[in-house]
S.K.: 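Below: one structure in structure tokens.
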There are 2 protein chains.
Amino acid sequence: MNIVPADLRSSFSLPPGKAVEICHKLEAAILQHRLRPGMKLAEDEVGDTFGVSRTVARTALQALAHGGLVTIERNRGAFVSRPTIREAHEVFEARALIEPRIARMAARNMTPDGLAVLQHHIDAEHEITERGDMGLALSQSGAFHLAIAEIADQAVLTQILHTLISRSSLIIALYWRRRDTSCESHSHHALLKAFAARNESAAEEIMKSHMVDLHSGLDLVERGDSEPSLADVFGRIDL
Amino acid sequence: MNIVPADLRSSFSLPPGKAVEICHKLEAAILQHRLRPGMKLAEDEVGDTFGVSRTVARTALQALAHGGLVTIERNRGAFVSRPTIREAHEVFEARALIEPRIARMAARNMTPDGLAVLQHHIDAEHEITERGDMGLALSQSGAFHLAIAEIADQAVLTQILHTLISRSSLIIALYWRRRDTSCESHSHHALLKAFAARNESAAEEIMKSHMVDLHSGLDLVERGDSEPSLADVFGRIDL
DNA sequence: AACGTCAATATCGTATACAATCCGTGTTCA
DNA sequence: TGAACACGGATTGTATACGATATTGACGTT
């Protein structure tokens with residue numbers, strides 16, 4: 001079976017030509033945690049991988065950098081971003097501000113078609129979760145939130161939310177502590193129910209608490225080093 | 001005297017090297033309405049103007065495109081964006097959602113230094129308004145709002161607000177109908193007072209109504225043509 | 001053995017060159 | 001006269017080439 005999350009379509013200002021596709025592919029890979037935070041994305045390597053020149057690869061990387069998924073350091077190159085704990089808090093606070101409003105608007109605009117789309121997302125998410133592909137499930141979850149924004153029909157907020165959700169994915173890759181995503185699934189069902197009833201206040205409230213849940217599901221406490229120590233990566237070695 | 005609005009510093013993902021400066025200069029020019037919405041920004045022209053190659057000019061334009069100030073059409077080039085009426089509403093609704101929250105946070109964090117910075121902005125704005133340079137005054141007003149966000153110390157929201165304010169400037173260039181900016185000035189003073197008192201709720205409320213004022217100061221009704229007619233530009237000629 | 005210096009290499013920043021696309025003009029034909 | 005077409009100029013899309021900068025490893029010194 002071939003369930004792929006509706007790709008989190010990149011912003012309004014599309015980079016020209018081939019760069020768009022590369023953007024989307026890199027974005028998908030990052031969102032699914034196939035490219036982990038901190039990984040180097042060398043221009044030559046990206047270019048070779050996708051069969052384009054460095055120019056195009058560069059354009060794609062710069063576009064991703066504007067979305068916050070990639071960090072470019074001068075004369076050093078591009079890396080998959082590693083959000084700080086501070087930034088993690090800010091991103092989820094921003095989502096907690098924006099998404100309840102979006103949910104309310106979506107509830108107001110909801111149509112049978114919209115409901116069907118959301119239901120489809122939930123089904124896909126469920127099936128992926130069964131298969132245990134955590135990265136894909138997360139990506140799918142993001143697509144669900146974004147679909148709501150599209151139904152709300154607010155291009156500006158949708159664009160903003162898109163970048164926030166992308167960054168959330170990185171944050172979760174770094175700081176998620178729970179094993180299960182049942183809370184996620186439960187909230188999404190509850191949201192769908194509110195949407196079906198076109199209950200604006202309920203949708204807003206559920207989304208608000210969903211945001212709190214997500215935020216509190218993170219393990220955002222300062223570790224010894226801000227950079228992950230070698231021991232974190234390889235485990236401690238007794239000499 | 002040399003009062004220049006603290007430049008609305010571009011996002012986190014700085015384009016490399018010289019492109020940053022070009023970005024800032026173009027941004028300033030657009031925000032001050034020296035480059036009007038719809039104007040063509042040819043890569044060669046930009047490059048020649050700033051003494052760099054097309055490559056760098058291109059990078060700068062793409063960066064501005066990500067901020068929404070510039071629109072790039074494939075194979076046609078870059079233009080100063082012309083926000084639609086729809087987008088205008090969305091931008092100001094988004095600001096109305098975000099800025100009151102930012103004002104509240106700023107009030108909470110306010111320090112004597114912060115107050116001094118804001119006071120400085122207000123003074124500058126006042127002086128510029130006296131001189132009658134509408135574009136510069138507007139740019140200065142944006143800088144004031146952004147300064148609040150920086151005091152609120154929320155990088156993520158500040159970044160978002162930055163793009164919203166930039167776009168607001170374009171919107172105002174297209175749709176502003178009032179002659180005066182006294183309401184602007186009044187609101188800013190009121191905000192400063194709330195900040196001085198560290199009155200969070202007052203700051204939030206004043207900002208909220210300030211947003212409503214700004215939004216309602218726009219003339220957002222459909223005109224006959226979306227494109228400005230020649231008559232609009234040259235005046236009507238009786239044959 | 002540890003540290004600092006220096007060269008080699010890899011990667012990025014910028015400039016230039018070529019290919020593809022679009023737009024306006026002028027011509028041709030109905 | 002008007003519409004369709006073809007051509008030429010201009011501008012963007014992409015590739016490549018060269019210069020600048022940072023990192024890595026070797027070497028010599030303390």
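Here is the naming used below: chain letters follow the sequence lines, and residue numbers restart at 1 for every chain. Just so you know, these numbers use all the heavy atoms, side chains as well, and skip hydrogens, waters and symmetry mates.
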S.K.: Residues in salt bridge (Lys or Arg N to Asp or Glu O under 4.0 Å) with A:Asp48, at least two apart?
M.R.: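 Partners of A:Asp48 by the salt bridge (Lys or Arg N to Asp or Glu O under 4.0 Å) criterion come out as none, since no residue qualifies.
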S.K.: Would you please name every residue forming a salt bridge (Lys or Arg N to Asp or Glu O under 4.0 Å) with B:Glu90, sequence neighbours left out?
M.R.: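 With sequence neighbours excluded, B:Glu90 shows a salt bridge (Lys or Arg N to Asp or Glu O under 4.0 Å) to B:Arg86, given in chain and number order.
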S.K.: With a 4.0 angstrom cut-off to heavy atoms of chain A, pull out the first and last contacting nucleotide of DNA chain C, in 5'-to-3' order.
M.R.: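 Going 5' to 3' along DNA chain C, contacts run C:dT11 to C:dT14.
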S.K.: How far does the helix from C:dA1-D:dT30 to C:dA30-D:dT1 bend, going by the axes of its first and last five pairs, to the nearest 10°?
M.R.: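 Helix axis angle between the two ends: 10°.
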S.K.: List for me each residue that meets side chain to side chain contact (heavy atoms under 4.5 Å, CB included) alongside A:Ile160, sequence neighbours excluded, and say none if there are none.
M.R.: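 Testing A:Ile160 for side chain to side chain contact (heavy atoms under 4.5 Å, CB included), a comparison that skips the adjacent residues, returns A:Ile98, A:Val156, A:Leu157, A:Leu164, B:Ile160, B:Leu164.
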S.K.: Can you give me the first and the last nucleotide of DNA chain D (5' to 3') that has an atom within less than 4.0 angstrom of a non-hydrogen atom in chain A?
M.R.: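 It runs D:dG13 to D:dT23.
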S.K.: Return the set of residues passing salt bridge (Lys or Arg N to Asp or Glu O under 4.0 Å) with A:Arg101 (not counting sequence neighbours), or none when no residue passes.
M.R.: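 Partners of A:Arg101 under the salt bridge (Lys or Arg N to Asp or Glu O under 4.0 Å) test: none.
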S.K.: Any salt bridge (Lys or Arg N to Asp or Glu O under 4.0 Å) pairs touching residues 65-81 of chain A, not counting sequence neighbours?
M.R.: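 Non-adjacent pairs meeting salt bridge (Lys or Arg N to Asp or Glu O under 4.0 Å): A:Glu73-A:Arg76.
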S.K.: Who passes salt bridge (Lys or Arg N to Asp or Glu O under 4.0 Å) against B:Asp133, sequence neighbours left out?
M.R.: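 Scan of B:Asp133 (salt bridge (Lys or Arg N to Asp or Glu O under 4.0 Å), adjacent residues dropped) gives none.
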S.K.: By side chain to side chain contact (heavy atoms under 4.5 Å, CB included), which residues pair with B:Ala28, not counting sequence neighbours?
M.R.: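 Listed in chain order: B:Gln32.
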S.K.: Kindly write out the residues that satisfy side chain to side chain contact (heavy atoms under 4.5 Å, CB included) with B:Ser169, not counting sequence neighbours, or none if the list is empty.
M.R.: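 For B:Ser169 the side chain to side chain contact (heavy atoms under 4.5 Å, CB included) partners, ignoring immediate neighbours, are B:Leu31, B:His33, B:Leu138.
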S.K.: In residues 46-58 of chain A, what residues come within less than 4.0 Å of DNA chain D, judged by heavy atoms?
M.R.: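 Listed by number, they are A:Val52, A:Ser53, A:Arg54, A:Thr55, A:Val56.
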